[in-house]
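Since the structure comes first, as C-alpha cells, the remarks are kept for the end.
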Amino acid sequence: MKVDIISIFPDYFAPLDLSLIGKARTTGTLNLSVHDLRTWTHDVHRTVDDSPYGGGPGMVMRPEPWGQALDAVGSPGATLVVPSPVGKPFTQAGAHELAGLDHLVFACGRYEGIDQRVIDEAADRMPVREVSLGDYVLFGGEVAVIVILEAITRLLPGVLGNADSLTEESHAAGLLEAPVYTKPVSWRDREVPDVLRSGDHGRIARWRRDQSMLRTLTRRPDMWADYPPENLDKKDRKA
Ligand SMILES: Nc1cc(-c2ccc3ccn(Cc4ccccn4)c3c2)[nH]n1
C-alpha cells in the first residue's frame with residue numbers, strides 16, 4: 001500500500017519509523033512518504049494560512065498550496081483522507097475499507113481547517129473521505145493520521161504475527177474482547193480465572209464469549225444493540 005502524508009509538521013510522523021509500522025515500511029508492505037506542505041508555497045514567508053472570509057477566530061489554510069500538493073502527490077488510484085471534526089466517525093470497518101485501497105493521500109489540516117474548495121475540487125477527481133476520530137477537537141490532523149494509519153497497517157497482510165488476533169479483537173466480531181491474563185497465576189492476591197487454566201478449550205471459548213457479551217452489554221450498549229441477533233441464544237438477548 002502506498003501512503004502519502006501532507007502536513008506543515010512532517011516531524012510529527014517520526015514515530016512511524018518505530019515498531020510494527022516501521023517494520024511494514026522496511027518490508028515494503030507500507031510505502032510511506034511524508035511531505036511538507038510548504039514545499040508548495042512560493043512566497044518568501046512560505047505562507048500556508050490567511051484570515052477567514054466572513055470573519056471569525058483563527059486562520060484558514062490557503063487553497064493554492066494544497067491544490068499544488070495534491071496535484072503532485074495524487075495518482076489515478078488515490079483516495080484522499082482528510083481528518084476533520086466534521087468527518088464521518090472512523091471505525092474498524094472504516095479501517096478495513098481503507099486497508100483495501102492502493103494509494104491513500106492524507107491531508108493534515110491545522111488552524112481552523114482547510115479552505116473548503118480544496119476538498120470540493122479534490123472530490124471532482126478522486127474519492128475523498130473526511131473522517132473524525134471522535135467528538136472532541138484536536139489542534140490538527142497529524143495525530144488523527146497516526147491513529148488511522150496504525151489501525152490500517154495492523155490489517156495489512158503479514159504485519160501482525162498472529163493473524164488470529166484480528167478475528168478475536170474488540171470490534172472485529174461486533175463485541176468487545178474478553179479480559180486477558182498471563183503469569184503469574186497469583187498476583188497481589190488476585191488469581192487467574194480457573195477456567196483459563198482448565199485446558200478445556202470449548203469451556204474457555206464459551207467463557208471468553210460470555211465475558212465479551214457481558215462487557216459489551218455493560219460498557220457499550222450501542223454496540224450491543226447492533227449485535228446480530230442470529231449470534232445470540234434467546235436467553236442471552238434478554239440479558
Ligand atoms: N476528531 C477530530 C479531528 C480533529 C481535527 C482534524 C483536523 C484539523 C485541522 C484543524 N483542526 C483544528 C480545528 C479547530 C477548530 C475547528 C476545526 N478544526 C483539526 C481538528 N479534531 N477532532
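Order of appearance sets the numbers: ligands from 1, and atoms from 1 within every ligand. Computed from a predicted model, the values in this text were never measured in an experiment.
Nearest protein heavy-atom neighbour of atom 22 (N) of ligand 1: Y136 O, 2.6 Å. Closest to atom 1 (N) of ligand 1 among all protein heavy atoms lies L133 N, 3.0 Å. Here the heavy atom of the protein found nearest to atom 11 (N) of ligand 1 is F139 O, 3.6 Å. From the protein, the heavy atom lying nearest to atom 7 (C) of ligand 1 is P83 O, 3.3 Å. Taking atom 19 (C) of ligand 1 as the reference point, the nearest protein heavy-atom neighbour is G140 CA, 3.7 Å. When hydrogens are left out, the protein atom nearest atom 5 (C) of ligand 1 is P85 CD, 3.6 Å; that is the closest non-hydrogen contact. Distance from atom 10 (C) of ligand 1 to its nearest protein heavy atom, with residue and atom name: Y111 O, 3.4 Å. At the shortest separation from atom 21 (N) of ligand 1 among protein heavy atoms lies L138 N, 2.9 Å.
Just one residue in the list N31, T79, D4 forms a side-chain hydrogen bond (donor to acceptor under 3.5 Å, both in side chains) with H103, and that residue is D4.
Under a hydrophobic-cluster definition in which Ile, Leu, Val, Met, Phe, Trp and Tyr are linked whenever side-chain heavy atoms come within less than 4.5 Å, directly or via other members, Y136 and V131 are assigned to the same cluster. When the side chains of ILVMFWY residues are joined at heavy-atom separations under 4.5 Å, either directly or via intervening members, V118 and V60 end up in two distinct hydrophobic clusters.
The atoms of ligand 1 that sit less than 4.0 Å from any heavy atom of R110 are 9 (C), 10 (C).
Using cut-offs of 30° and 60° on the angle between ring planes, the pair Y12 and F9 is tilted.
Of the N or O atoms in S132, one or more lie within a sub-3.5 Å distance of an N or O in ligand 1. Of the polar atoms of S84, none of the N or O atoms is found under 3.5 Å from an N or O of ligand 1, judged by distance alone. Polar contact check, G134 against ligand 1: a nitrogen or oxygen pair lies under 3.5 Å apart.
Applying the 6.0 Å contact sphere to CD of E64 captures more than 12 heavy atoms from other residues, nucleotides or ligands. Counting non-hydrogen atoms of other residues, nucleotides and ligands closer than 6.0 Å to CZ of R197 gives a total of 12 or fewer.
For the pair R208 and D210, the salt-bridge criterion is not met [side-chain N within less than 4.0 Å of a carboxylate O]. A salt bridge does not link D200 with R206: every distance from a Lys NZ or Arg NE/NH1/NH2 to an Asp or Glu carboxylate oxygen is 4.0 Å or more.
Contact annotation: for E112 versus ligand 1, heavy atoms closer than 4.0 Å belong to both the backbone and the side chain.
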